[in-house]
Amino acid sequence: MAAVMLSSGRKLLQTRFPRPPVRSGSARPSGFFAPSEGAMLPAGSFRDRLAFITGGGTGLGRAMTMVLSQLGARCVIASRKLDVLQETAGEISSQTGNQVHALQCDVRDPQAVARCVDQMVALSGLPDVIINNAAGNFICPTERLTPNGWRSVTDIVLNGTAFVTLELGKRLIQAQKGASFLAITTIYAESGSGFVVPSAAAKAGVEALYKSLAAEWGRYGHRFNIIQPGPIRTKGAFSRLDPTGTFEKSMIDRIPTGRLGKPAELANLAAYLSSDFASWMSGAVIRFDGGEYVSMAGEFNELRKVTPDQWKMLEAMIKGTKGS
Ligand SMILES: CCCCCCCCC/C=C/C=C/C(=O)SCCNC(=O)CCNC(=O)[C@H](O)C(C)(C)COP(=O)(O)OP(=O)(O)OC[C@H]1O[C@@H](n2cnc3c(N)ncnc32)[C@H](O)[C@@H]1OP(=O)(O)O
Ligand SMILES: NC(=O)C1=CN([C@@H]2O[C@H](COP(=O)(O)OP(=O)(O)OC[C@H]3O[C@@H](n4cnc5c(N)ncnc54)[C@H](OP(=O)(O)O)[C@@H]3O)[C@@H](O)[C@H]2O)C=CC1
């Protein structure tokens, strides 16, 4: 029951504001926004191209490797767990018929990054496409965070991206070879977010790094773009950000398109940004979140819960107001 109060404190009107019907995340809106998951670009868009994807063995990195490989790219995927990488590489290359190499690399270690790039060059040459996707994250009240916890996330996300970008950028410049660099950040790189503070700080740093290099290294034939994904189910993210599954429903409820994103949708956008179709695109930050960011930001967006009858009443009240 909601009451409208006069400034005197007297109740003017009482009416029932029922709780909105509980809608499951995949109910009404997703009927309008069904995902399309096949490769979007023409076949062969990445023929004769080499793509280097950090964290390419799992989750979104795996999905991006899959679509690039489907479109003809040779791929090199790199992260810490060689067995996971090798399994993914085998699965993708047996489906697409294109080479996928797995290289062990901890992006926190600049020497390991240099060794990894040496191996890639020996195998396949310097890449045309670089996707900085590797990340670490976990929810944690900031007062519980240790210096090592801070370091573990910021080293992977910010330093890791910087080490990969510097190592490859310098070698590409030396070889006078152009390339597309893409970084995967997150919508809260822009707003900041409590409880994932090292990730928010590091992702914001990655965005500053990529926007800066878009300006500086265009002259070497290098493009730099950023995708800020909203929630897309992966084991890596959801097990560390919503380990009990408690928050998923309220998260979906605030997404105007009524569902989570799909890895293949993100992969199609990444493929476009990394392709020649986007050769005029650099320094772009693309939010890809089903509308979640603007939905959380708008002061009055909670009014979605007001029913048509309640609107009739509210309108009458507003129109009935005389003076200020
Ligand atoms: C509201 C619902 C949300 C649902 C999802 C919505 C998603 C929308 C937006 C999403 C953004 C997503 C961003 C992402 O980046 S997801 C990517 C997630 N993937 C990964 O994190 C994979 C890699 N991660 C890891 O390997 C680990 O998690 C790691 C901790 C980052 C690094 O591993 P490692 O180097 O092995 O470190 P450890 O030795 O284990 O730990 C280092 C220090 O960190 C402390 N620590 C680890 N976990 C926690 C924790 N949960 N809480 C507090 N502290 C933690 C650990 O204790 C160590 O510190 P020390 O004790 O002082 O030594
Ligand atoms: N899923 C989501 O909802 C969202 C994800 N993102 C971003 O998308 C990207 C992919 O995340 P997602 O696929 O969900 O999660 P995953 O956990 O599956 O991916 C993270 C990858 O990073 C690799 N990695 C972690 N640490 C290192 C390291 N030190 N050196 C090299 N590689 C490392 C991991 O491999 P290994 O363990 O073998 O090292 C893993 O493959 C990340 O940048 C994340 O921040 C952003 C917003 C939303």
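Throughout, residue positions are numbered sequentially from 1 according to the sequence presented. Counting starts at 1 for both ligands and their atoms, in listed order. Both backbone and side-chain heavy atoms feed into the values below; hydrogens, waters and symmetry mates do not.
Checking Val157, Asp242, Thr186, Asn137 against atom 14 (C) of ligand 1, the nearest heavy atom belongs to Asn137. Residue nearest to atom 31 (C) of ligand 1, selected from Ser79, Gly59, Gly136: Gly136 (by heavy-atom distance). Selection from Thr58, Leu241, Thr244, Ile252 by nearest heavy atom to atom 10 (C) of ligand 1 gives Leu241.
How far CG of Leu145 is from CZ of Phe195: 12.0 Å, rounded to the nearest 0.5 Å.
Within the 4.0 Å cut-off (strictly below), a protein heavy atom is located near atom 1 (C) of ligand 1. For atom 51 (N) of ligand 1, the nearest protein heavy atom is under 4.0 Å away. Protein non-hydrogen atoms do not reach within 4.0 Å of atom 41 (O) of ligand 1. Distance screen at 4.0 Å: atom 59 (O) of ligand 1 has a protein heavy-atom neighbour inside the cut-off.
Proximity of Leu50 to Cys75: side-chain heavy atoms (C-beta onward) are nowhere separated by under 4.5 Å. With contacts defined as side-chain heavy-atom distances shorter than 4.5 Å, the pair Glu248/Leu260 qualifies.
Between Tyr210 and Thr161, the side chains place no donor N or O within less than 3.5 Å of an acceptor N or O (distance only, hydrogens not considered). Side-chain N/O atoms of Arg304 and Ser295 include a donor and acceptor closer than 3.5 Å. Using a 3.5 Å distance cut-off with no hydrogens or angles, the side chains of Gln228 and Thr186 do not pair a donor with an acceptor.
In terms of heavy atoms, Gly57 sits closest to Leu85 at N-CD2, 3.7 Å.
The aromatic rings of His222 and Tyr220 lie tilted to each other, with the angle between the two planes from 30° to 60°.
Within 4.0 Å of ligand 2, the residues that place a heavy atom are Gly55, Thr58, Gly59, Leu60, Ser79, Arg80, Lys81, Cys105, Asp106, Val107, Arg108, Asn133, Ala134, Ala135, Ile156, Ile184, Thr185, Thr186, Lys203, Pro229, Gly230, Pro231, Ile232, Thr234, Gly236, Ala237, listed by chain and number.
Atoms of ligand 1 found under 4.0 Å from any heavy atom of Phe238, numbered from 1 in the order shown, are 5 (C). Applying the 4.0 Å criterion to heavy atoms of Gly236 picks out, from ligand 1, the atoms 18 (C), 19 (N).
Using a 4.0 Å cut-off between heavy atoms, Ala237 contacts ligand 1 through both its backbone and its side chain. With a 4.0 Å cut-off on non-hydrogen atoms, Thr146 touches ligand 1 through its side chain and not its backbone. At a 4.0 Å heavy-atom cut-off, ligand 1 touches Arg108 through the side chain alone. With a 4.0 Å cut-off on non-hydrogen atoms, Cys140 touches ligand 1 through its side chain and not its backbone.
For Asp289 and Arg254, the salt-bridge test fails: no basic side-chain N is under 4.0 Å from an acidic carboxylate O. The residues Arg171 and Glu167 are annotated as salt-bridged, a charged nitrogen and a carboxylate oxygen being separated by less than 4.0 angstrom. With salt bridges taken as basic N to acidic carboxylate O contacts below 4.0 Å, one links Arg259 and Glu265. Between Asp276 and Arg49 there is a salt bridge, with a side-chain nitrogen of the basic residue lying less than 4.0 Å from a carboxylate oxygen of the acidic one.
Look at Arg144 and you'll find every heavy atom at least 4.0 Å from all atoms of ligand 1. Heavy-atom distances between Glu248 and ligand 1 stay at or above 4.0 Å for every pair. Under the 4.0 angstrom criterion for non-hydrogen atoms, Arg80 is in contact with ligand 1.
Between the side chain of Asn225 and the backbone N or O of Phe181 there is no donor-acceptor pair closer than 3.5 Å.
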